[in-house]
Amino acid sequence: MFDLILKNASLPDGRTGMDIACQGGKIVAVEAGIAAEASEVIDADGYLVSPPFVDPHFHMDATLSLGTPRMNVSGTLLEGIALWGELKPIQTVDDIVARALRYCDMAVSMGMGAIRSHVDTCDDELKGVEALLQVRKQVKDYLDLQLVAFPQDGVLRDPTAMANTVRALDMGVDVVGGIPHFERTMADGAESVRQLCQIAADRGLMVDMHCDESDDPHSRHIETLAYETQRLGLQGRVAGSHLTSMHSMDNYYVSKLIPLMVEAGVHAIPNPLINIMLQGRHDTYPKRRGQTRVRELRDAGITVGFGSDCVKDPWYSLGKADMLDVAFMGLHVGQLSSRADMDWCFDAVTSNSAKIMGLEGYGLEKGCDANFVLLQASDKIEAIRLRAHRIAVVRRGKVISRSTPIEHVVTTAGGRRIVKD
């Protein structure tokens with residue numbers, strides 16, 4: 001007797017007609033035609049079962065705050081940062097907790113299983129840190145929440161940011177963050193990377209830097225991050241987020257930079273929705289796309305995971321916690337249009353991002369955690385094309401979100417037809 005059997009599923013690797021048996025929160029069998037009883041049986045009806053979606057870059061302390069205390073009139077990155085500075089003093093810990101919990105519920109209903117959220121440490125009260133540590137504890141049974149200590153105003157530029165960042169890590173924040181391109185000078189930016197990576201090395205922590213979120217081709221802090229990663233032996237534990245300046249760099253320099261990243265084992269986290277929205281704002285025409293060189297990074301062997309970054313906050317007015325929206329935008333902006341490319345874009349919001357976050361027990365093999373989502377699509381490409389409806393979300397072998405498959409009734413002169421998405 002199993003806890004749950006999912007019957008007749010298509011899997012991301014192309015296998016069809018597969019059953020998944022779950023017991024004690026783990027996947028105990030993945031094979032065709034499992035002949036056993038279970039407390040619950042779900043007929044997948046041939047639809048795609050995927051491991052949970054993973055968002056490796058988000059700002060949960062700001063999410064769902066749109067319009068407070070005002071709107072971002074220009075829609076730019078810098079006005080968003082200024083607006084966030086206006087919001088921080090007036091929001092409370094309870095405000096942040098309430099918004100974050102609403103977002104977590106939304107994310108889980110969309111099949112999300114893990115989120116890495118940056119939390120601002122340029123606040124002497126550390127309200128965001130306190131709030132998200134509470135949220136992490138409250139959602140642990142249905143969502144993995146990993147927190148990054150993020151000195152939004154620059155760890156050297158803000159006079160108390162370094163002390164606050166260390167305090168946040170002492171409180172239990174998981175990852176060391178930074179924003180070198182927002183320091184006063186390029187030299188300060190490089191020094192901030194050095195100091196923060198040293199902290200991570202001393203504490204045995206991962207690193208995730210907002211790196212070169214700029215149109216300036218001379219913003220090259222990812223080079224310093226790759227160097228410090230090698231110097232301190234942090235290979236495989238470091239990610240550069242955004243990396244948008246790379247879309248403006250000359251090809252010769254990039255031909256040197258990417259191999260340095262490969263040597264250091266640095267991961268890359270583009271954020272397609274936000275990068276395409278916020279970058280290139282000083283351009284007339286032609287306008288730069290704003291997304292880093294995804295294809296080149298991937299082809300070099302760098303692990304690339306797409307993040308969503310923002311939902312209804314000072315920087316971005318849209319979003320609904322849908323990582324398939326993120327994959328859809330990344331596909332288009334990166335011109336990742338072959339079948340293999342599109343298939344890979346699904347991995348960029350699932351398995352690749354899970355690797356970047358260091359998630360254990362992730363996947364659809366025997367012995368993995370029984371966490372997965374049933375999508376109303378036949379394969380990965382169709383899931384992106386449709387931004388597929390989520391039929392069921394399973395966590396540790398239990399259904400935690402469920403909905404009815406979508407059908408459209410079309411009435412024409414020839415009669416009524418039922419059409420499934």
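Applying the side chain to side chain donor-acceptor pair (under 3.5 Å) test between T121 and each of T160, D158, T165, N164 identifies T165 as the sole match. Each of L145, V108, L147 was compared with I115 under the side-chain contact (heavy atoms from CB on, under 4.5 Å) criterion, and only L145 meets it.
Side-chain contact check for N275 and T244: no donor-acceptor pair (N or O, by modelled atom type) lies under 3.5 Å.
Between H57 and H59, the two ring planes are perpendicular [angle over 60°; tilted spans 30° to 60°]. Ring geometry, H118 versus F150: the interplanar angle exceeds 60°, so the pair is classed perpendicular (tilted spans 30 to 60°). Between W315 and W84, the ring planes lie tilted relative to each other; the angle falls in the 30° to 60° range.
Counting heavy atoms from C-beta on, the side chains of K320 and V311 never come closer than 4.5 Å. The shortest distance between side-chain heavy atoms of L225 and Y227 does not fall below 4.5 Å.
Around the NZ atom of K287, the shell of radius 6.0 Å holds more than 12 heavy atoms that belong to other residues, nucleotides or ligands. Counting heavy atoms of neighbouring residues, nucleotides and ligands inside a 6.0 Å radius, atom CZ of R70 exceeds 12 of them.
Using a cut-off of 4.0 Å between Lys/Arg side-chain N and Asp/Glu carboxylate O, R203 and D170 are scored as salt-bridged. Ionic pairing of E125 and K88 is not present here: no N-O contact between side-chain nitrogen and carboxylate oxygen is shorter than 4.0 angstrom. For the pair K380 and D13, the salt-bridge criterion is not met [side-chain N within less than 4.0 Å of a carboxylate O]. A salt bridge between R395 and D141 is absent, with no side-chain N of the basic residue lying under 4.0 Å from a carboxylate O of the acidic one. Taking a cutoff of 4.0 Å between a charged side-chain nitrogen and a carboxylate oxygen, R385 and E382 qualify as a salt bridge.
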**OP:** Using the salt bridge (charged side-chain N to carboxylate O under 4.0 Å, His left out) rule, take R194 and E191 through it: C-alpha gap first, then chi angles, then the decisive distance, then the call.
**Re:** CA-CA 5 Å; R194 189 192 69 78; E191 178 62 16; 2.8 Å; yes
Subject >> Residue pair V394, K398: steps toward the side chain to side chain contact (heavy atoms under 4.5 Å, CB included) verdict >> reply: CA-CA 5 Å; V394 174; K398 297 180 179 179; 5.7 Å; no
**OP:** Starting from the C-alpha separation in whole Å, work towards a yes-or-no answer on side chain to side chain contact (heavy atoms under 4.5 Å, CB included) for V207 and L196.
**Re:** CA-CA 8 Å; V207 176; L196 290 165; over 6 Å; no
Subject >> side chain to side chain contact (heavy atoms under 4.5 Å, CB included) assessment of S50 paired with L375 >> reply: CA-CA 8 Å; S50 168; L375 299 165; 4.1 Å; yes
**OP:** Run the numbers on S10 and D379 for side chain to side chain contact (heavy atoms under 4.5 Å, CB included), then give the verdict.
**Re:** CA-CA 7 Å; S10 297; D379 56 36; over 6 Å; no
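Cation-pi check for R116 over F58 is not met; the charged atom does not lie both under 6.0 angstrom from the ring centroid and within 45 degrees of its normal.
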